[in-house]
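Order of appearance sets the numbers: ligands from 1, and atoms from 1 within every ligand.
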Amino acid sequence: MSRNVAVVGAGIVGLSIAWRLMRDGVEVTVLDGGEPGAWQVAAGMLAPGGESAFEHPALGRLLERSAQRWPSFAEALGVEVGYDDSGTLSVAMTADDVAEAARVWTRQKLPLLRPSELREREPALSPRVRTGVFAPGERQVDPRRVVAALREQLSTHIVTKKVDKVEEVGAETVVVAAGCGTAAVTGLPVRPVKGQILRLRGEPGLIRHILRATVDGRHVYIVPRADGEIVIGATQEERTDHAVTAGGVHELLRAALELVPDLAECTLAETSVGHRPGTPDNAPLLGRLDDDGRVIVAAGHHRNGVLLAPITADLIAGLVAGAEDPMLTDFSPRRF
Ligand code: GLY
């Protein structure tokens, strides 16, 4: 059992690990380099089926198990973090959109709803929506509130320090949870995957569920918060720049307004860009990096950093305590 741990990275994954270690009685310090994390713009969907990983069964199981941990994780934070279990309506517009979405719906084993049933659940939906499914297990949390709560709990454990190389850190155990920055710190293959995302402000209650849709071949999700914030996301681009582009905003707004025409009345409150930390197989890197076990990695969560934070914290805290969960086998950082 290591009693002295440094966590490199103060995003939702690094902070969740540090919080878990702190509660286990470990002497933990978070090194916050101030880099922007994907959590800052993330919508916070907890969507093990919608963000599906059918081609990677072990990742699918990891997503499901972390989703199960979210209710108790949110409750343990002790403040309101926007955990909402109203569920997700996943819908499609054209016949081609239905054909594409049906591949996911069939695997989720969810019954198809008629347009009238969909609009009964979600009156603001466009009459053009052909069909869809209700996924009660696809939930949300507000990542900005979660990170604020974690920072508050860890306030005496966070220091401002930029780490260039893992060798610089003198702690008994070092956990690198630096998102896209993990590549520079460790040399591991983590690449930035750009996402542009919008925030609108409207009447609370305009939209009742998370909406996920294929609209004329374009993918969009709409995440309504209780306070009237509506998050619309997100582009997925293999780019490293931070530009909000006219094309990106247009693509998202066009799809969202086709889906829910009343969104046209909302205020456009924020346009932003984040970078998801992707890996060659887009599954996370979780485990020991070196033979002596001093350096542990928890990075590369790609589209699922928020969803995977609770299980990542538990698995990494287990490793620090000397227990290697068999679930880690498929996510070794040494697999590439
Ligand atoms: N998890 C949603 C996204 O990455 O856009």
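- Close contacts between ligand 1 and Tyr221 involve ligand atoms 2 (C), 3 (C), 5 (O) [criterion: under 4.0 Å to a heavy atom].
- In this structure, the ring of His56 has its center less than 6.0 angstrom from the ring center of Phe331.
- The aromatic rings of Phe73 and Trp19 lie perpendicular to each other, with more than 60° between the two planes, well past the 30° mark.
- With 3.5 Å as the limit, one finds a donor-acceptor pair spanning the side chains of Arg225 and Gln140.
- Contact detail for Val273 and Ala243: the closest heavy-atom pair is CG2-O, 3.5 Å.
- Given atom 4 (O) of ligand 1, the protein heavy atom at minimum distance is Arg276 NE, 2.6 Å.
- Annotation for ligand 1: atoms under 4.0 Å from non-hydrogen atoms of Ala234 are 5 (O).
- Polar contact with ligand 1: present for Arg303 (N/O pair, distance under 3.5 Å).
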